[in-house]
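Here the structure is a predicted model, which is why all the values come from computation and not from measurement.
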Amino acid sequence: MSAGLLELGAAAARAEIDAGRLSAAELFDFYRDRAAADRDADGSGLGCFTWVAAEAPAGARDGSPPLAGVPLAVKDLFCTRGVPSQSGSRILEGYLPPYTATVVSRLAEAGAPLFAKTNQDEFAMGSSTENSGFGPSRNPWDRDRVPGGSSGGSAAAVAAGLAPWALGTDTGGSIRQPAALCGIVGMKPTYGSVSRYGMIAFASSLDQAGPLTRDVGDAALLLLHMVGRDPCDATSLEFPGSLATPTAERLDGVRLGVPGELSGEGIEAGVLDAFNAALEQARGLGAEITGVTLPHAPHALAAYYVIAPAEASSNLARFDGVRYGMRHIDDARPEDLVAMYTRTRHDGFGPEVKRRVMLGTYALSSGYYDAYYGRAQQVRTKIAEDFRAAFEEVDLIVTPTAPTVAFELGEKTGDPLAMYLNDYCTVPMSLAGIPAISIPCGLSEGLPVGIQIAGPAFSDARVLDAAHALEGALGFDGSAALV
Ligand code: GLN
């Protein structure tokens, strides 16, 4: 049965449970044991997990909840009551929140119990999961390569079959880029459609939770039970329209726009080949493919790397050794409060987080605010306008998800700008707040390539439908990554 279990996607597992051929407890134990084995493998595993449940949660719900008991892995940065929630940072090592993030409790109520927490870049800052305070995660397609980031633990776990599905968060690409590098599906929904309550904040105007799954149907199923207004998050709202499990198999009459700015220069040749082959498949399904222009998109990365660090420098001010996690007293000045703050933040934050806090503080400081933060906000507005104009002409926009396939561990850690460039194709959609999904579209040098499909705000259902149709035609086989 075990080998068979691994082949079941989340929706298929749910159907087996509904039909009485599989028990939720059996499925929970299956994934729990696989995750625990990876966690205990000390260097020979994928480094996906920061916590694994000791046993199934007590009080399994009676009746038949919509997600039937299919267990869920959740990125470390979601607060989970009584379970370590560290956002990949030593400064929060062992922190046990007194409450659970809204999306995690909604999914548990819908019948997807938490079974593991996944590794990530510290405070979600990074594109490779190498910035984790708890060691890197590895890509199951090639263990010497990164799984992408910052939701790299979630992506690697789903690709390797160590989790049936997982939650990640995306601020500038952290769901879509690791999904692409690991050959799975990852979606960032429209900003505001999902509650941020209980997510340890990185950049609040951009952060959004979303699914990482083996296929588009599973992503829709998870998202369906996540969306909705939450009184605890003033930026969340009732999702307009309806989300359903996608069934589209054709793209007849769907106008797909390819922005030249995000599908040419700077994109690896093998990635472009796989992307262009996917466009041919889309054409075969009836899509009309046209060029569009997003004139300000090339400036998105620069604007993002001002806005996100600015918000982060403010959000991370709360980690001061007083209220949460680590507290380090300066031995030379044990009575000095400021020395305690300094010592704690010096010891608790990793180098990338320190870099962002300094960049962000600088960008917000008086005298520089207009030149950096104000200007970056203007660029953000221009980018949103570019998308609005493009969506007058096309229904959806398609690009490669990441400019490269998975790179080697250590390859970019010494060069932050090279690392940042990996977000080139995903950051514009983040700044515009629009929905975008990445689905696997082929291999280059034996490693997965993702295609990104983005739509206007709240067109999430349309994005999922198009992804579903294209997925069927592409027939990507990710089984080589299963462990
Ligand atoms: N890689 C980007 C960054 O480092 C995006 C991260 C994210 O989406 N959380 O900021």
Side-chain angles (χ1 to χ4, degrees), residues 4 6-16 70 141 155 158-159 161 164-166 175-176 178-189 210-224 242-258 263 271-290 394-402 435-444 447-455 459-482:
L6 192 51
E7 262 121 57
L8 297 176
R14 166 185 176 236
E16 289 296 296
V70 179
W141 290 81
V158 171
W165 50 12
I175 290 174
R176 292 161 284 161
L181 271 46
C182 288
I184 61 164
V185 172
M187 177 156 180
K188 180 193 91 70
L212 289 131
T213 57
R214 285 189 221 163
D215 63 33
V216 176
D218 284 354
L221 185 59
L222 210 49
L223 187 59
L224 207 62
S242 63
L243 276 172
T245 313
T247 53
E249 287 174 5
R250 302 271 314 161
L251 293 169
D252 293 306
V254 177
R255 298 166 303 168
L256 298 181
V258 182
S263 56
V271 169
L272 272 186
D273 288 346
F275 172 70
N276 287 324
L279 291 184
E280 277 315 306
Q281 294 282 351
R283 209 190 301 273
L285 294 172
E288 291 165 27
I289 311 224
T290 55
V394 295
D395 301 304
L396 300 166
I397 283 178
V398 287
T399 74
T401 307
I437 195 169
S438 177
I439 67 169
C441 69
L443 298 176
S444 164
L447 295 166
V449 175
I451 180 171
Q452 174 175 231
I453 307 174
S459 70
D460 303 54
R462 215 190 309 156
V463 168
L464 283 160
D465 258 334
H468 182 264
L470 188 56
E471 170 184 69
L474 290 166
F476 180 81
D477 178 6
S479 58
L482 294 173

> Output the distance between atom CG (L464) and atom CG (L221), rounded to the nearest 0.5 Å.
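Answer rounded to 0.5 Å: 11.0 Å.
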> CE/M187 to CG/L222 distance, rounded to the nearest 0.5 angstrom?
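That separation rounds to 11.5 Å.
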> Check whether S438 reaches the backbone of Q452 with its side chain - one donor and one acceptor, N or O, closer than 3.5 Å.
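No; zero donor-acceptor contacts below 3.5 Å.
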> Donor-acceptor check, side chain of W165 to backbone of V158, threshold 3.5 angstrom: yes or no?
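Judged by distance alone, no pair lies under 3.5 Å.
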> Please identify each residue that fulfils side chain to side chain contact (heavy atoms under 4.5 Å, CB included) with S242, with sequence neighbours left out.
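S242 satisfies side chain to side chain contact (heavy atoms under 4.5 Å, CB included) with no other residue.
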> Search all heavy atoms of A402 against all heavy atoms of V271 and return the closest pair with its distance.
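Smallest heavy-atom distance, with atoms named: O-CG1, 3.6 Å.
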> Please report the closest heavy-atom contact between L396 and A466, naming both atoms and the distance.
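It is CD1-CB, 3.4 Å.
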> Measure the spacing between CD of Q281 and CG of L279 and express it to the nearest 0.5 Å.
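Taking CD in Q281 and CG in L279, the distance rounds to 10.0 Å.
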> Of all residues at least two apart in sequence or in a different chain, which pass the salt bridge (charged side-chain N to carboxylate O under 4.0 Å, His left out) check with D252?
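With sequence neighbours excluded, D252 shows a salt bridge (charged side-chain N to carboxylate O under 4.0 Å, His left out) to R250, given in chain and number order.
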> Quick check: do W141 and L181 have side-chain heavy atoms less than 4.5 Å from each other?
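Heavy-atom side-chain distance check fails, nothing below 4.5 Å.
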> Tell me, do S263 and P400 make a side-chain contact under 4.5 Å, heavy atoms counted?
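When only atoms from C-beta onward are counted, P400 and S263 do touch, with a gap below 4.5 Å.
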> Tell me, with the steps shown, if V254 and R462 meet side chain to side chain contact (heavy atoms under 4.5 Å, CB included).
CA-CA 10 Å; V254 177; R462 215 190 309 156; over 6 Å; no
> When rounded to the nearest 0.5 angstrom, what distance separates OG1 in T399 from CZ in F275?
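Interatomic distance, T399 OG1 to F275 CZ, rounded to 0.5 Å: 6.0 Å.
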> Looking at L243 and L224, what are the two nearest heavy atoms and their distance?
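Heavy-atom minimum between the residues: O-CD1, 2.8 Å.
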> For residues D465 and P246, report the shortest heavy-atom separation together with the two atoms involved.
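Distance-wise, the nearest heavy atoms are OD1-CB, 3.4 Å.
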> So, D395 side chain and R255 main chain: donor-acceptor pair closer than 3.5 Å or not?
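Yes, D395 side chain to R255 backbone: donor-acceptor pair under 3.5 Å.
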> Please check: side-chain N/O of E471 versus main-chain N/O of V216, any donor-acceptor pairing under 3.5 Å?
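Yes, because the side chain of E471 sits within donor-acceptor range (under 3.5 Å) of the backbone of V216.
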> Measure the shortest side-chain to side-chain distance between P440 and V185 over non-hydrogen atoms and say whether it is less than 4.5 angstrom.
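In short, these two side chains touch, coming nearer than 4.5 Å.
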> Rounded to the nearest 0.5 Å, what separation is found between the CG atom of L256 and the CD1 atom of I397?
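Separation between the atoms: 10.0 Å.
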> Distance check, rounded to the nearest 0.5 Å: L6 atom CG versus L482 atom CG?
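The CG atom of L6 sits 5.0 Å away from the CG atom of L482.
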> Could you tell me which non-hydrogen atom of A10 sits nearest to which non-hydrogen atom of V70, and how far apart they are?
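Minimum heavy-atom separation between A10 and V70: O-CG2, 3.8 Å.
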> Do you know the tightest heavy-atom contact between I451 and A278?
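Nearest pair, atom of I451 first, then A278: CD1-CB, 4.0 Å.
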> Among residues two or more places apart or on two chains, list those pairs meeting salt bridge (charged side-chain N to carboxylate O under 4.0 Å, His left out) that have a residue in residues 212-221.
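Every pair satisfying salt bridge (charged side-chain N to carboxylate O under 4.0 Å, His left out) with a residue in residues 212-221: there are none.
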